[in-house]
Visitor: 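First the structure, then my questions, so here it is.
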Amino acid sequence: MKKVLIDRGVRQLLAWYDRDRRPLPWRQQVNIYHTWICEVMSQQTTLAVVLPKFAQFIQQLPTVDDLANCDEEILHQLWAGLGYYARARNLKKGAEFIVNRLNGRFPQSYREWLQIPGCGDYTAAAIASICLNEKVPCIDGNVIRVVSRLLALQDVWSTAGRSRIQDYLTQVIPSDRPGDFNQAMMELGATICRKTKPRCDICPLQMQCLAYANNCIEICPPKKPRRVLVDTELFVLIFWHRETDTFAIVERTDGFLAKTRGFPLTIAHQLSKLDRWQPLQLPGKFTHAIAHHRITGRICVIQLNSNDIDISMRQHLALSKTLHWMNRLDLSAKLSTALDRKAFQLFQNYTYSDSICEQLALNL
DNA sequence: CAAGCGTGGGA
DNA sequence: TTCCCAAGCTT
């Protein structure tokens, strides 16, 4: 009896999806490379941000072979605005694995996709169900919310609650259209069964929804506890060779934005160690957020007479060996992180002002 | 298992 | 303005 209702709900869901789904670029036709990229790109971000980036990424790196062989700096630039740059680097590692170890043949199951760097339960399930018709449920934030409401389940963030959701989905996911079912559940969560102001009035699963019946949608699922915000003061060091108007870009090896190129970063506490290079702190500041850090960024300009940076300075700042001197125009195009771009923007505002230029000149 | 990791957009 | 958070993965 129960199963009949479930099957009916699944058919209603799929019918709704067939009729109302958004025409996303990666839904035009099934392409496992495109699905892989868009799923990783979509982790912890929003569709509005992903859409233009996805088009650009696929245009620049149309095949897994292109991705495996691309320059990492280009990769980071393609990823600019998406955050979590490790995802991009993992994509490249995955592409290298597929090209070099699997002879360019994509993994052919959920289990195999789990072996690919950056592919966890969610991403492997998405790819396997959508592209390989494997009957494995996707569990993301949207799906958790939908199931929480369908079953009037409040315990969804614990391990037990999570397996409860997984068990339920494993029961109801249809063998004939597992990928469409997964996408329909996520789509429902994104457009109808939203966190705020859910559209229960037009929901295809209204009749199956326990939270709707019990009038407890507001508390399903309960809010996830958030980490408290931490105020962090960060100094952005701009090594400037004034005669050539070039800037030193480094590879940051740890701390914020590790493994990305940009300006060296340091904290107030450590700044005094740089006194012998006569850093000039510019007036003004910018704000930025990284995870739970609420960052206040300040700029320190250090004018170098040679194109070299001291070993001790390098170690102190957690920098790799490679130093890239770039001119002002190139820099605007090549900075990949938002923090670096905000800092450079602030720097440019001040160095276009005569009074600051005089101060910097005096500092030589 | 909890902590760490970026960003842009919407409320 | 400020806060919150969105299709998670790794360690």
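Computed from a predicted model, the values in this text were never measured in an experiment. Within every chain, numbering begins at 1; the chains are lettered A, B, ... in the order of the sequence lines, protein sequences first and strands thereafter.
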Visitor: For Asp340(A) and dT7(B), what is the distance between atoms CG and C1' respectively, to the nearest whole Å?
Guide: 13 Å
Visitor: What is the separation between atom CZ on Phe256(A) and atom P on dA3(B), rounded to the nearest whole Å?
Guide: 16 Å
Visitor: Checking all strands, does Arg194(A) fall into the base, sugar-phosphate, or nothing category for heavy-atom contacts under 4.0 angstrom?
Guide: nothing
Visitor: Output the residues of residues 79-99 of chain A in contact with DNA chain B, where contact means a heavy atom of the residue under 4.0 Å from an atom of the strand; sort by number or write none.
Guide: Gly81(A), Leu82(A), Gly83(A), Tyr84(A), Tyr85(A)
Visitor: Rounded to whole angstrom units, what separation is found between the CG atom of Leu265(A) and the C1' atom of dG6(B)?
Guide: 13 Å
Visitor: Does a side-chain N or O from His288(A) land closer than 4.0 Å to OP1 or OP2 of dT7(B), or not?
Guide: yes
Visitor: Going 5' to 3' along DNA chain C, which nucleotides are the first and last within contact of chain A (any atom under 4.0 Å from a heavy atom)?
Guide: dC3(C) to dT10(C)
Visitor: Let me confirm one number: the CD1-CZ distance from Ile116(A) to Phe106(A), rounded to the nearest 0.5 Å.
Guide: 9.5 Å
Visitor: Nearest-nucleotide wise, let me know which of Gly118(A) and Asp140(A) is further upstream toward the 5' end of DNA chain C.
Guide: Asp140(A)
Visitor: Counting N and O atoms only, with roles assigned by atom type, does the side chain of Arg194(A) sit under 3.5 Å from a partner on the main chain of Gly189(A), one being a donor and the other an acceptor?
Guide: no
Visitor: Thinking salt bridges, do Arg298(A) and Glu233(A) make one under a 4.0 Å N-O criterion?
Guide: yes
Visitor: To the nearest angstrom, how far is Lys53(A) atom NZ from dG8(B) atom C1'?
Guide: 10 Å
Visitor: Determine the contact category for His293(A): base if any of its heavy atoms lies under 4.0 Å from a base atom, sugar-phosphate if only primed atoms, P, OP1 or OP2 are that close, otherwise nothing.
Guide: sugar-phosphate
Visitor: For Leu229(A), answer base if it contacts any base atom (sugar-phosphate contacts may also be present), sugar-phosphate if it contacts only those atoms, and nothing otherwise; contact means non-hydrogen atoms under 4.0 Å.
Guide: nothing
Visitor: Could you check whether Lys223(A) gets within reach of a base, just the sugar-phosphate, or nothing at all, counting any heavy atom under 4.0 Å?
Guide: sugar-phosphate
Visitor: Tell me which of Ile290(A) and Thr46(A) sits closer to the 5' end of DNA chain B, going by the nucleotide each one is nearest to.
Guide: Ile290(A)
Visitor: State plainly whether the residues Arg27(A) and Asp18(A) are in salt-bridge range, i.e. N to O under 4.0 Å.
Guide: no
Visitor: Between P on dA2(B) and CZ on Arg226(A), what's the gap in Å once rounded to a whole number?
Guide: 15 Å
Visitor: Run the salt bridge (charged side-chain N to carboxylate O under 4.0 Å, His left out) test against Lys334(A) and tell me which residues pass, sequence neighbours left out.
Guide: none
Visitor: Tell me, do Ile98(A) and Arg105(A) make a side-chain contact under 4.5 Å, heavy atoms counted?
Guide: no
Visitor: So what does Ala338(A) hit on the nucleic acid, given a heavy-atom distance under 4.0 Å: a base, only sugar-phosphate, or nothing?
Guide: sugar-phosphate
Visitor: Between Asp121(A) and Lys224(A), which has a closest nucleotide on DNA chain C that is more 5'?
Guide: Lys224(A)
Visitor: Students often get this wrong, so: under 4.0 angstrom with heavy atoms, is Leu24(A) touching a base, only sugar-phosphate, or nothing?
Guide: base
Visitor: Classify Arg162(A) by what it touches in the nucleic acid, base, sugar-phosphate, or nothing, heavy-atom distance under 4.0 Å.
Guide: nothing
Visitor: Hey, are Glu72(A) and Lys92(A) close enough for a salt bridge, meaning a charged N less than 4.0 Å from a carboxylate O?
Guide: no
Visitor: Can you tell me the distance, in whole Å, between the CZ atom of Arg294(A) and the C1' atom of dC5(B)?
Guide: 18 Å
Visitor: Under 4.0 Å between any heavy atoms, over every strand shown, what does Ala126(A) touch: base, sugar-phosphate, or nothing? Just pick one.
Guide: nothing
Visitor: For the residue pair Trp240(A) and Phe247(A), categorise the inter-ring angle as parallel (less than 30°), tilted (30 to 60°) or perpendicular (more than 60°).
Guide: parallel
Visitor: Roughly how far apart are Gln108(A) CD and Leu132(A) CG, rounded to 0.5 Å?
Guide: 5.5 Å
Visitor: Test ring-ring contact (aromatic ring centres under 6.0 Å, His included) on His293(A) and Phe256(A) and set out the steps.
Guide: CA-CA 10 Å; His293(A) 296 275; Phe256(A) 291 129; 4.8 Å; yes
Visitor: Would you mind telling me which of Ile130(A), Ile127(A), Asn31(A) makes a side-chain contact (heavy atoms from CB on, under 4.5 Å) with Trp36(A)?
Guide: Ile127(A)
Visitor: Nearest nucleotide by nearest heavy atom, which residue falls closer to the 5' end of DNA chain B, Thr196(A) or Leu339(A)?
Guide: Leu339(A)
Visitor: Can you tell me how far C1' of dG6(B) sits from CZ of Arg252(A), to the nearest Å?
Guide: 12 Å
Visitor: Work out how far the P atom of dC5(B) is from that of dA7(C), and round it to whole angstrom.
Guide: 22 Å
